[in-house]
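Just so we're clear, the structure is a prediction, and the values are computed from it rather than from any experiment.
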Amino acid sequence: MASAYGADYRGRQHVLQFSELTVYTTHWQPATISRTRTMIRRADPECYHLSLVKRGTVVTTLDGRQARYGLYGLRTHLTYRRLTKRAKLPPVGECHE
């Protein structure tokens, strides 16, 4: 994970577990996350990830192809695949409730 905010980086994640379904709500400052093979093996190698963008934008790079998701964009991927994800907020750039 990389962020221009460095040591002052702020983010939140809430996890709800419903049998086989896990729901995460996250809110974080702009950052770039790269899922490496090691990270995939340690975490969730066989899951389906579905994201709804409610603020800002998310840009993902998967197999050399880039996709941009804006407000209410629905993003999906299989977690066994390596990807890079960049999250950007509107110009305010703050983490809000």
Side-chain angles (χ1 to χ4, degrees):
M1 179 178 199
S3 175
Y5 291 88
D8 295 325
Y9 180 81
R10 296 181 349 176
R12 283 188 306 284
Q13 178 172 302
H14 299 270
V15 180
L16 301 169
Q17 187 71 46
F18 302 100
S19 186
E20 295 293 317
L21 175 67
T22 305
V23 177
Y24 298 91
T25 59
T26 58
H27 206 262
W28 37 307
Q29 290 175 309
T32 299
I33 297 174
S34 294
R35 288 184 53 88
T36 64
R37 289 180 187 178
T38 301
M39 177 189 234
I40 291 167
R41 278 194 302 272
R42 289 184 188 158
D44 50 5
E46 297 178 9
C47 294
Y48 185 76
H49 187 113
L50 177 67
S51 297
L52 175 65
V53 179
K54 291 179 64 182
R55 183 167 180 245
T57 60
V58 174
V59 177
T60 58
T61 304
L62 179 64
D63 296 332
R65 287 180 280 190
Q66 198 173 70
R68 179 186 175 103
Y69 302 88
L71 188 61
Y72 301 115
L74 198 57
R75 186 184 70 77
T76 64
H77 79 271
L78 298 170
T79 59
Y80 65 83
R81 300 185 70 187
R82 292 173 37 181
L83 70 85
T84 300
K85 177 172 59 173
R86 289 180 307 165
K88 298 178 182 180
L89 290 175
V92 188
E94 294 295 325
C95 185
H96 298 285
E97 290 294 326

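Heavy atoms only, all atoms of each residue included: S3 and Y9 are closest at OG-CD1, 3.4 Å. Contact detail for L78 and Y48: the closest heavy-atom pair is CD2-CD1, 3.3 Å. Residues G70 and T57 share a closest heavy-atom pair of CA-CG2, 4.2 Å. Residues R10 and Q29 come closest through the heavy atom pair N-OE1, 2.7 Å.
R82 contributes atom CZ, which lies 9.5 Å from atom OG1 of T38 (distance to the nearest 0.5 angstrom). Expressed to the nearest 0.5 Å, how far OH of Y24 lies from NE2 of H14 amounts to 13.5 Å. From L71, atom CG reaches atom CZ of R55 across 10.5 Å, with rounding to the nearest 0.5 Å.
Looking at R35, its side chain does come within 3.5 Å of a backbone N or O of T79 through a donor-acceptor pair.
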Legend entry - Residue pair T22, Q17: steps toward the side chain to side chain donor-acceptor pair (under 3.5 Å) verdict: CA-CA 5 Å; T22 305; Q17 187 71 46; 2.8 Å; yes
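Between H77 and T60 the shortest side-chain heavy-atom distance does not fall below 4.5 Å.
Cluster partners of V23, by chain and number: L16, F18, L21. The rule joins Ile, Leu, Val, Met, Phe, Trp and Tyr whenever side-chain heavy atoms lie under 4.5 Å apart. Residues L83 make up the rest of the hydrophobic cluster containing L62, defined by ILVMFWY side-chain heavy atoms closer than 4.5 Å, directly or through other members.
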